[in-house]
Amino acid sequence: MSYHQPVLLQESVDALAIKPGGIYVDVTFGGGGHSALILQQLQGKGQLYSFDQDTDAEMQSEKLISDNFTFVKANFRYLKKYLRLYGARQVDGILADLGVSSHQFNTAERGFSTRFDGPLDMRMDKDSPLSAKEVVNTYEEEQLHKIFGLYGEVKNAKTLAREVVSARNIKEIDTIADFKQAIAGCTPKGKENKYLAQVFQALRIEVNDELKALEEMLEQAVEVLKPGGRLSVISYHSLEDRLVKNYISKGKFFGEVEKDFFGNEIKPLDSVTRKPIVPSDQELQENNRSRSAKLRVAEKRETPESLKK
Ligand SMILES: C[S@@+](CC[C@H](N)C(=O)[O-])C[C@H]1O[C@@H](n2cnc3c(N)ncnc32)[C@H](O)[C@@H]1O
């Protein structure tokens with residue numbers, strides 16, 4: 001529990017409507033809270049494949065000993081490839097609890113938190129070549145402007161990008177303290193925490209290519225889910241949630257749902273809950289990290305007879 005306190009645990013796992021003996025995937029193992037409950041509901045039958053790209057999560061997974069459990073140290077954007085490797089072509093349910101774990105966030109050396117000094121890192125996968133330091137010191141001003149604006153919804157993104165570039169022209173920006181100092185001139189007084197959280201969110205999304213990875217995972221999820229199989233996704237900011245919501249309701253990330261000649265919607269998923277599920281007052285009180293969580297649940301549609309080969 002000290003590694004990560006699971007959010008919307010019961011709600012997101014119950015949403016999978018687990019059939020003992022079924023095949024399930026947790027694409028974000030973290031500290032394994034959701035995986036442990038899925039395994040419990042499997043009642044010693046079936047199989048759970050849990051993905052995480054972080055070696056720290058991999059170490060945590062070694063504590064979960066079960067014949068019904070397989071840990072996959074990989075980015076969930078390769079979901080289909082790894083499942084195929086393990087001989088699991090079709091699965092009954094997929095759970096995703098997006099973002100970073102408390103362990104990642106609370107470990108100063110990982111560079112995710114504005115609260116500590118540490119390296120400008122922010123990589124969930126420590127073997128990945130792109131760190132926040134690389135982004136901040138090498139990206140063109142225009143690219144930085146776009147990232148801060150789009151991913152952080154930072155209001156003065158253009159000024160911020162300019163400030164970063166002029167600071168790095170004097171001296172390389174190495175650490176979180178260096179970075180905070182470099183952008184002090186455009187950090188609004190009295191709103192430092194909120195502003196820095198937005199700026200860090202933007203860098204984190206870029207470093208981990210979070211939105212593209214999510215899109216790729218969702219597209220593969222519908223390919224590997226059996227008809228009637230469940231998808232349960234917890235997101236923590238509006239950019240992620242919008243992608244999940246659009247994909248469930250429209251079968252695409254942008255634009256309108258396609259319709260056939262008869263006006264029937266062509267999309268692979270049906271929403272199970274009309275509105276997103278949010279944490280109870282009790283959970284909000286007990287776990288501040290749950291405050292922005294939104295759970296969306298969908299079910300894979302039956303393939304229409306006309307599309308079956
Ligand atoms: C919020 S935590 C999950 C916590 C977990 N549900 C629990 O209860 O302990 C998110 C985890 O997903 C992992 N993660 C995020 N994006 C990923 C991706 N694209 N591929 C693989 N793992 C990812 C992170 O490394 C982190 O450990």
Side-chain angles (χ1 to χ4, degrees), residues 1-7 9 12-13 16 22-40 42 46-112 119 121-132 134 204-221 223-225 231-236 240:
M1 280 293 184
S2 63
Y3 189 97
H4 182 86
Q5 167 128 27
V7 171
L9 175 62
S12 59
V13 174
L16 294 173
I23 299 176
Y24 291 86
V25 186
D26 174 357
V27 296
T28 49
F29 182 81
H34 290 85
S35 283
L37 185 58
I38 294 173
L39 274 176
Q40 192 186 318
L42 277 174
Q47 196 66 24
L48 169 67
Y49 297 95
S50 295
F51 286 63
D52 206 294
Q53 58 181 329
D54 188 352
T55 45
D56 289 359
E58 183 176 31
M59 270 162 66
Q60 282 298 111
S61 77
E62 286 162 13
K63 295 184 189 159
L64 208 59
I65 296 160
S66 162
D67 290 342
N68 311 97
F69 173 63
T70 307
F71 182 80
V72 185
K73 157 73 179 73
N75 193 306
F76 60 50
R77 72 194 318 164
Y78 306 117
L79 174 70
K80 200 172 147 190
K81 174 177 129 181
Y82 280 95
L83 287 181
R84 202 185 311 127
L85 205 71
Y86 284 101
R89 284 173 187 273
Q90 295 271 279
V91 305
D92 296 280
I94 299 174
L95 179 134
D97 177 22
L98 301 168
V100 286
S101 64
S102 304
H103 166 80
Q104 289 165 326
F105 198 63
N106 293 337
T107 308
E109 308 89 83
R110 302 296 299 267
F112 286 105
D121 191 328
M122 304 194 196
R123 289 168 305 161
M124 292 188 205
D125 175 357
K126 294 183 219 171
D127 299 323
S128 151
L130 186 67
S131 67
E134 193 79 12
R204 201 196 86 194
I205 291 177
E206 174 64 17
V207 166
N208 298 288
D209 200 13
E210 291 181 31
L211 301 179
K212 200 83 197 95
L214 173 59
E215 288 185 13
E216 290 174 19
M217 184 273 286
L218 290 171
E219 284 173 337
Q220 293 171 34
E223 290 183 49
V224 297
L225 271 176
L231 176 68
S232 178
V233 185
I234 307 170
S235 57
Y236 293 87
E240 280 171 351

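Side chains included, hydrogens not; waters and symmetry mates left out as well; all remaining heavy atoms used.
Atoms CG and CD, from Asp92 and Gln47 in turn, are 12.0 Å apart once rounded to the nearest 0.5 Å. From Thr28, atom OG1 reaches atom CG of Leu95 across 6.0 Å, with rounding to the nearest 0.5 Å. With values rounded to the nearest 0.5 angstrom, Asp209 atom CG is found 4.5 Å from Arg77 atom CZ. Atom-to-atom distance recorded for Glu240:CD and Leu211:CG is 7.0 Å, nearest 0.5 angstrom. Here the CG-CG distance, from Leu48 to Leu42, works out to 6.5 Å after rounding to the nearest 0.5 Å. Atoms CE and CD, from Met217 and Glu219 in turn, are 11.0 Å apart once rounded to the nearest 0.5 Å.
Contact between Ser35 and Leu64 at its shortest, heavy atoms only, is CB-CD2, 4.1 Å. Taking all atoms of both residues into account, the shortest heavy-atom contact from Met124 to Glu210 is CE-OE2, 3.5 Å. The two residues Val100 and Gln104 make their nearest non-hydrogen contact at CA-OE1, 3.2 Å. Summarising the geometry of Asp52 relative to Ala57, their closest heavy-atom pair is CG-CB, 3.4 Å, with the distance given to 0.1 Å. Shown here for Leu16 and Ser232, the closest heavy-atom pair between the two residues is CD2-CB, 3.8 Å. Contact between Ala96 and Val27 at its shortest, heavy atoms only, is CB-CG2, 3.4 Å.
For Phe69 and Phe29, the gap between ring centers is short of 6.0 Å.
Counting heavy atoms from C-beta outward, Arg84 and Arg89 have side chains that approach closer than 4.5 Å. The shortest distance between side-chain heavy atoms of Ile234 and His34 falls below 4.5 Å. Using a 4.5 Å heavy-atom cutoff, the side chains of Asp97 and Pro6 are not in contact. Taking the side chain as every heavy atom from C-beta outward, Leu231 and Leu218 approach each other to under 4.5 Å. A heavy-atom distance below 4.5 Å is found between the side chains of Asp56 and Arg110. Using a 4.5 Å heavy-atom threshold, the side chains of Tyr49 and Ile23 count as touching. Contact annotation: the side chain of Leu98 approaches that of Phe76 to within less than 4.5 Å [non-hydrogen atoms, C-beta and beyond]. When side chains are defined from C-beta on, Glu206 does not count as touching Met122, because their heavy atoms never get closer than 4.5 Å.
More than 12 non-hydrogen atoms from other residues, nucleotides or ligands lie less than 6.0 angstrom from NZ of Lys73. Around OH of Tyr78, the count of heavy atoms belonging to other residues, nucleotides or ligands within 6.0 Å does not exceed 12.
For the side-chain contact (heavy atoms from CB on, under 4.5 Å) criterion with Tyr24, the lone passing option out of Ile38, Val13, Leu39 is Ile38.
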Evaluation steps, side chain to side chain contact (heavy atoms under 4.5 Å, CB included), between Asp125 and Asn75
CA-CA 8 Å; Asp125 175 357; Asn75 193 306; over 6 Å; no

Could you please spell out the steps behind the side chain to side chain contact (heavy atoms under 4.5 Å, CB included) verdict for Leu79 and Ile94?
CA-CA 10 Å; Leu79 174 70; Ile94 299 174; 4.1 Å; yes

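Side-chain N or O atoms of Asp26 include none that pairs as donor or acceptor with a backbone N or O of Ser50 at under 3.5 Å.
Looking only at atom types and distance, the side chain of Gln5 has no donor-acceptor partner in the side chain of Ser102 under 3.5 Å away.
Aromatic ring orientation, Phe51 versus Tyr82: perpendicular (interplanar angle above 60°, classes split at 30° and 60°).
Using a cutoff of 4.0 Å between basic side-chain nitrogens and carboxylate oxygens, Asp121 and Lys126 are not scored as salt-bridged.
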